[in-house]
Enquirer: 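One structure is given below, represented as C-alpha cells, and several questions about it will come after.
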Amino acid sequence: MLDIKFAVTNLDKIKEMLIKRGQTIDLAPLESLNDERKRLQQEYDSLRAEQNKASEEIARLKKDKKDASSIIASMQSAASKVKEIQPKLTEIEDKLRSVLLLIPNIPHESVPVGTDSAQNPVVRTWGEKPNLDFKPKEHFDIGENLGILDFDRAAKISGARFTIYKSHGAALERALINFMLDVHTRENGYTEMLPPYMVNAKAMTGTGQLPKFEADLFKTNYDYYLIPTAEVPVTNYYADEILKGADLPIKFSAYSACFRSEAGSYGKDTRGLIRQHQFNKVELVKFAHPDNSYAELESLTNNAESILQKLGLHYRVVSLCTGDIGFSSAKTYDIEVWLPGQNAYREISSCSNFEDFQARRANIRFKDAGGKTRFVHTLNGSGLAVGRTVVAILENYQLSDGSVVIPEALRFYMHGLEKIT
RNA sequence: GGAGAGGUGACCGAGUGGUUGAAGGUACCGGUCUUGAAAACCGGCGUGCAGAAAUGUACCGUGAGUUCGAAUCUCACCCUCUCCGCCA
C-alpha cells in the first residue's frame, strides 16, 4: 500500500507508474475521497473540540455542586451532529483504503521499462548447459519411467496439477528441503521457521495477496486461506510490531507446502511438476533497514543462487521489467534454471524488495537510531522452489539409459545414493 | 463441546463515567558524577490526521450502543489463558 500523502501529492508519478506497468486504475476517487475526508475530519474535530470544552466546564460545575443542566442541554445538538458525521467519516476512510489497497507498488528507478517477460534483461549467468549426446527427455517422462513420479494416480485421487512422489523421488524432494534449509541456516545466516499453512484474511492482506488476488487462493470453509507461499505467514510474523533498529536485518528461512489455484493458467504447463496446485518451497524472508534494502536484495538473490551453484545447475538471473514485475514488488530478480528437456530457462526463484509496501499494510515498523518509528523494508525470495529443482536435476543429470545421477552435494542427504536407476 | 479469567503505550503494570494520552516501573535517549564503565541522581521519551506554528483531534483487542461526556457502563465479535469432556 502506498502512503496516502505521497499518493495524493504524486498523482502524476502514480499515473506514469501505471502506464509502465501496463495497467489502468481510475485515480480520480483518490483525490476527491481525500478532500472529502479532510473536510469531514475538520468538521468533526471542531465539533469534538466544542464538546470537550463543554465537558470540562460541566465537570467543574458538578465538582462545585453547581447546576450544569443548561449547558448539558445546549450540547445535545452538537452530540447528534457528531453522530451524523462519524459514520460518514468512517465510510470515506474505508473507501479510501480500499482504493489504496488496489494500487500496485512503484517500481524502483533501476527497474527496466518493458511490457512483458520478453523484455526482462539478463543480469548474469552461471555455469553452462550440460553436454548431452542424446536427445534429452522431459522430467515427467524420466520420472515416470523411473517410477519416482506418479501423475496418473495423483489425478485419480486429487485431480489435475497434483503429483505423487514415490521411493527415491519422495526421498529426493525431502533431501532437497533439508539441504536448502541447512545451507541457509548454517551458511547464509537465516533462522529457520516452520509456519502454519493456513492463515487469516488479515495476513493475506498484509503481504498483498488480498484483496486483489483472491481468485488465486484456496480458501477453507472456516475462513482460513491456504498459503500460496511461506512469505505470507513469515512476513506477517511481525505484523503490528515495532522492531529494534539494531536487530535489522532479520532473516528467516522457512519450508512450507504452497497452494495455488492457478486460475487463469489453464493449458499452461499441464504436464509434470512445473505448475502444481500444491508444491514445496523453501522461502527466504528479510526485514531490512530502508537504507540498505537494495544491498539486502542482492545478497538474498545470491543466497538463492548458492543452492543452484552447489547443485551444479546452470542458470541465469533476469531483472523483471516494469510490465512483468509483481503487484507488491518494487524490484524483482528471477532466477531461471536451464532445463535441457524443455530446451528453455524456467523460473526457479523470484527475489523481491517490497520496500515499505507490505510493511505499511501489515504495520511492521522499527525504531531508527534517532528514536523515530519508521516502516521496515520487507524482502523475500524462493530458496528454492523444490519441485522445480527436482525437474532441473532430472533433466540436467539424466543419462542416455534413463537413469539420473544424484548431484554430489545431495548424496549425504540421500544416504550415499549416487544414481537413481 | 461445557465452565471460568483476561486483552491498556517498545515491555511489565495501575486505572471502573468528568483536565487520563493515560500512575509507577523497565528499556531507550541526553546530562551530572567517574580515568573509563557500572551504580546513583536529573531531564527527556507514543502514533495518525489537520495546521507554517500555537494548537486541535483521534487512538486503552475489534465493531456497535448508552451519555452533555467512555479506557471505565451495555451488546456482539475476535484473540489468549485455566479447568472439564472429546480427539491426533
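Chain letters run A, B, ... following the sequence lines, proteins first, then strands; residues in each count from 1.
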Enquirer: Looking at residues at least two apart in the chain, or sitting in another chain, which of them share a ring pair (Phe, Tyr, Trp, His ring centres under 6.0 Å) with Tyr333(A)?
Expert: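 Here no residue qualifies.
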
Enquirer: If rG46(B) has a Watson-Crick or G-U wobble mate with both distances under 3.5 Å, name it; if not, just say none.
Expert: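 Pairing partner: rC59(B).
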
Enquirer: Nearest whole Å is fine: how far is rG69(B) P from Leu47(A) CG?
Expert: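 Rounding to the nearest Å, CG of Leu47(A) and P of rG69(B) are 12 Å apart.
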
Enquirer: Measure the distance from CD on Gln76(A) to C1' on rC68(B) and round it to the nearest whole Å.
Expert: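 In whole Å, rC68(B) C1' and Gln76(A) CD are 7 Å from each other.
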
Enquirer: Scan every strand shown for a Watson-Crick or G-U wobble partner of rA14(B), both distances under 3.5 Å, and answer none if you come up empty.
Expert: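 rA14(B) is paired with nothing.
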
Enquirer: Mapping Arg60(A) and Lys83(A) onto RNA chain B by nearest heavy atom, which one lands closer to the 5' end?
Expert: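 Between the two, 5'-proximity favours Arg60(A).
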
Enquirer: Is a side-chain N or O of Asn10(A) found less than 3.5 angstrom from the main chain of Lys13(A), in a donor-acceptor match?
Expert: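 Here the side-chain-to-backbone pair does not exist.
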
Enquirer: Polar atoms only, N or O, under 3.5 Å: list the protein pairs with nucleotides 44-53 of chain B and their distances.
Expert:
from	atom 1	to	atom 2	distance (Å)
rC49(B)	O3'	Arg37(A)	NH2	3.1
rA50(B)	O2'	Gln42(A)	NE2	3.0

Enquirer: Whole-Å distance between rG17(B) P and Gln51(A) CD?
Expert: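 Gln51(A) atom CD is separated from rG17(B) atom P by 21 Å.
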
Enquirer: Check the distance between rA58(B)'s C1' and Arg48(A)'s CZ and give it to me in whole angstrom.
Expert: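 Rounding to the nearest Å, CZ of Arg48(A) and C1' of rA58(B) are 9 Å apart.
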
Enquirer: Would you measure the distance from the C1' atom in rA54(B) across to the matching atom in rA64(B) and give it in whole Å?
Expert: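 Looking at atom C1' only, rA54(B) and rA64(B) are 36 Å apart.
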
Enquirer: When you compare rA27(B) with rA38(B), how far apart are their P atoms, in angstrom units rounded to a whole number?
Expert: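 Taking atom P in both rA27(B) and rA38(B), they lie 12 Å apart.
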
Enquirer: For rG6(B), give its Watson-Crick or G-U wobble partner with both distances under 3.5 Å, or none.
Expert: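 rG6(B) is paired, partner rC79(B).
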
Enquirer: Given that both distances must come in under 3.5 Å, which nucleotide forms a Watson-Crick or G-U wobble pair with rU66(B)?
Expert: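 Per the H-bond distance test, none.
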
Enquirer: How many Å lie between CG on Leu89(A) and C1' on rA58(B), as a whole number?
Expert: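 Rounding to the nearest Å, CG of Leu89(A) and C1' of rA58(B) are 10 Å apart.
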
Enquirer: Check the distance between rA10(B)'s P and Asp247(A)'s CG and give it to me in whole angstrom.
Expert: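 That distance rounds to 16 Å.
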
Enquirer: Whole angstroms only, please: what is the CG-P distance between Asp64(A) and rU19(B)?
Expert: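 Spelled out: CG on Asp64(A) to P on rU19(B) is 14 Å.
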
Enquirer: So which protein nitrogen or oxygen atoms get under 3.5 Å of nucleotides 74-80 of chain B's nitrogens or oxygens?
Expert:
none

Enquirer: At 4.0 Å (heavy atoms only), tell me whether Ala49(A) reaches a base, stays on the sugar-phosphate, or touches nothing.
Expert: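 Here Ala49(A) touches the backbone only, sparing every base.
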
Enquirer: Rounded to whole angstrom units, what separation is found between the NZ atom of Lys244(A) and the P atom of rU26(B)?
Expert: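 Between P of rU26(B) and NZ of Lys244(A): 15 Å.
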
